[in-house]
2 protein chains.
Amino acid sequence: MISSGDSMAQADDESVLRDTGTPRDTGTLGKLMVLLDLVTHADAPLRFTDILALANQPRGTLHRQLGHLVEEGLIELDAEGRYAPGLRLLDFASRSWARNEFRLIAAPHLAALHRRTGETVHLGVLRGSSIIYLDKVEGHQPVRMYSQIGNASPCYCTGVGKAALSILPSDKLRELLPSLRFTRFTPATHVNAETLLVEIGEIASAGHAFDREEHEAGICCVAAPIWSDDGSFIGGVSVTGPAYRLSMELLHEWAVPIQVTARKIMDEMRIRLGPRR
Amino acid sequence: MISSGDSMAQADDESVLRDTGTPRDTGTLGKLMVLLDLVTHADAPLRFTDILALANQPRGTLHRQLGHLVEEGLIELDAEGRYAPGLRLLDFASRSWARNEFRLIAAPHLAALHRRTGETVHLGVLRGSSIIYLDKVEGHQPVRMYSQIGNASPCYCTGVGKAALSILPSDKLRELLPSLRFTRFTPATHVNAETLLVEIGEIASAGHAFDREEHEAGICCVAAPIWSDDGSFIGGVSVTGPAYRLSMELLHEWAVPIQVTARKIMDEMRIRLGPRR
DNA sequence: GCTGTGAATTCCATTATTTGGAACTTAATT
DNA sequence: AATTAAGTTCCAAATAATGGAATTCACAGC
C-alpha cells in the first residue's frame, strides 16, 4: 500500500545539504556540523567507533566534539553509548517553520490546489542542491508531517527540484551542476547532467515540470516554479500521487492550475515583501 | 474560535531549553548556540544591531559568528540585512523526529486515546526545565503539526510538565527547581516553587496531573507521566481541550484511561529498549 | 576470579582559531 | 554635501582546539 503518495526516500542520499565539493570556511562550527550531519543522516544511532570511522578525526578530538554537541542538546547519548539526533533540534525547527513567510503566504493557495486536485500538494524551496519541503497538504490520513516537511531531497529527481532549476540564471546553474551527486533511485532517474539539462530546457519553455517516477517508483508529480526577482526565493509547488491514479494526461491537465497557483503565490509575495524582490 | 485546543504560547518565554543559570562548558559551540537561540526565539527577523544589543559580544566577534552560522545554513540573512532561522534546521529536525523511538512506540497508543476521548492528545518529553512536544493527534482540522510539535513549553504550567516533575527523584527535582523562571501566563499559573511543590506531591500520589488553564486561558488538560526506570526518558501523555467543553468531572473521568495509555507505552518501551531501563 | 581484547575516556604540550578594539567602508538622513 | 548610523574588515593577543599517547572501563573467555 502506498502510504501517502509522496516520496519517503529520506535516508538514501548522504548529506544533501552540505556542498561536499567546497569545504566551508566556518572554522570550528563547520567541523561540528559535519558531525551533526553524520549523526542526523545515519539510519540508526551510531556508537563512538562508528563515528570515528566516518569522521576523519583523531579519537581525542572526536570525543570532545561529540561531548560538546551532546552538552548543547544537538545530539543525545543513550544508555547504550549510542549517539542519536537531539530533541533540541525540534525546538529550533518548529520556530524556523512557524515564522517562515514563504510558507505562510503559500498555505491558503496550497489548500485551494488540494481541493481542486484531490491529491497531495507540496511546497519546496531550493537550498544548495537540495529541495527542502516546507509544507504539505494531504487528504484523509492522519498526517505525519515531519515525515516529509523539513525533508531534503535531491533537486535533479523531484518535480519541484527540476522546476526550480529551470528558472535558475544560467551562471547559477553552471555553478550548481558540478556539486550534484547523481544517484539512481529508479530506472527513470537522471544520472548525468546532459539529459538533465535537456529536460530543464524543456521545463523552462513549458513552465512546468514532471516527475515520472524518478525519485520513487510508482510516484509521479507535476510541479511549477516559484521565484522572486532577486533570486532570494527559489522553489516550487507540486501535486503528487501514485502513478496508477495519475495518468500523464491528468498531470498535463493539472499543469495550468498549478502554474496559476504558483503565480498567485508569487504575486502575493511581491506585495508582502516589497516590489524590488 | 479556539483553533486547535492546545496552547500556542510559543514565543513567550525566552530560551527555555538553555539552562541560563549554569553556563555550559562547550567552548565556541556554546557561544554560537546562544546566538542561534536568540535568532530562533525572536518574534521577528533581527538586524545586526538588534543582535549586538542582545548578545554580549563585540562587533567584530559577533559579525564573524553570524557569518559562520549563515554559511552553515543555521540562520539566514535576507536582502534587508535581517537574520532569521535557517531552513537547514528543518532537515536536521525532520530526521530527529522521524527516528525517535519513544514517539514511534507511543504513536498507536496516542491514536487510541484520541479515539476514546475525541480530544487532542499530546506526547511530551522533559528536557532541562522544558517539555518538548514530540507528537500530537488531533481531530478534524487540517493539522499544522509544526505549530506544536517540537515546541518547548515550561514544565511548571503544563499538564505533561507537572506529571513529569511528579516522578522525578527528589534530588533531580531539587536540582531543577532553581533554574525555573516563573512567568505568569494566566491567573492560574504557578509563580513560585512552594505552591508548585505542593501540587507535585498531590500529582505523585494521584498518578495524574491537571492543567487548569495555567498556560493558556480557556485551555485545560489532564496528563499522566511516562518514564523509564533509569531516568533516560521522562515525559508524559495528555488530553487537551477548551475549558468550556472539558469539565473537571470529565477530566477526572479521563484520568484512568490516560494512565492506562501511559502504562501501555511504558510496558512496550521496556520490551523494546531492554528490561534494565 | 583472572586475563586479554577492544572500546571509550582523559591528559597536556603544541597548534590553530577566536577574540576584540579600532580603523574603515557603506548606506541612510538632514 | 555633510553628518550620523550601520555594517564590515583587520591583526596582535588571548583563548580554545588539536591529536598522539596513556589510562580507564566493559566484558568475554579461560
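Protein chains get the first letters and strands the later ones, always in sequence-line order, with residue 1 at the start of each. Since the structure is predicted, the reported quantities are computational estimates derived from the model, not experimental observations.
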Whole-Å distance between [N] [atom2] and [X] [atom1]?
X       : N      : atom1 : atom2 : answer
A:Arg82 : C:dA7  : CZ    : P     : 16 Å
B:His68 : D:dT8  : NE2   : P     : 14 Å
B:Leu32 : C:dT19 : CG    : P     : 7 Å
A:Leu35 : D:dA17 : CG    : C1'   : 13 Å
B:Leu62 : D:dA6  : CG    : C1'   : 13 Å
B:Glu80 : C:dA28 : CD    : C1'   : 15 Å
A:Arg64 : C:dC12 : CZ    : P     : 16 Å
B:Leu29 : C:dT19 : CG    : C1'   : 17 Å

Task: Side chain of B:Lys31 - closest among D:dA16, C:dG20, D:dA17 - done: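 Nearest listed nucleotide: D:dA16.
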Task: Per A:Gln65 side chain, nearest of listed nucleotides C:dT18, D:dT18, D:dT8 - done: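 That would be D:dT18.
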Task: Side chain B:Arg59 and base D:dG7 donor-acceptor under 3.5 Å - done: yes
- [ ] Pick base, sugar-phosphate or nothing for B:Thr49, based on heavy-atom distances below 4.0 Å to the nucleic acid.
- [x] sugar-phosphate
Open item on the list: With nearest nucleotide decided by heavy atoms, which residue, B:Arg47 or B:Thr61, maps closer to the 5′ end of DNA chain D?
Closed with: B:Arg47
Does [N] have OP1 or OP2 sitting under 4.0 Å from an N or O in the side chain of [X]?
X       : N      : answer
A:His63 : C:dA8  : no
B:Gln57 : C:dG20 : yes
A:Thr28 : C:dT18 : yes

Open item on the list: Does this structure show an ion pair linking A:Arg270 with A:Asp229, if we count only N-O contacts that are shorter than 4.0 Å?
Closed with: yes
Open item on the list: Whether the B:Thr26 and A:Glu72 side chains hold a donor-acceptor pair (N or O, under 3.5 Å, no angle test) is what I'd like checked.
Closed with: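 Judged by distance alone, the side chains do pair up.
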Open item on the list: Go through it in stages, so that I can follow the logic: the residues are B:Leu74 and A:Met33, the test is side-chain contact (heavy atoms from CB on, under 4.5 Å), and I'd like the CA-CA distance, side-chain angles, deciding distance and then a yes or no.
Closed with: CA-CA 10 Å; B:Leu74 300 178; A:Met33 294 307 285; 3.3 Å; yes
Task: Parallel, tilted or perpendicular: rings of A:Tyr156 and A:Phe185 (30°, 60°) - done: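 A:Phe185 vs A:Tyr156 ring planes: parallel.
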TODO: Answer whether the closest heavy-atom distance between the side chains of B:Arg88 and A:Ile132 falls below 4.5 Å.
DONE: no
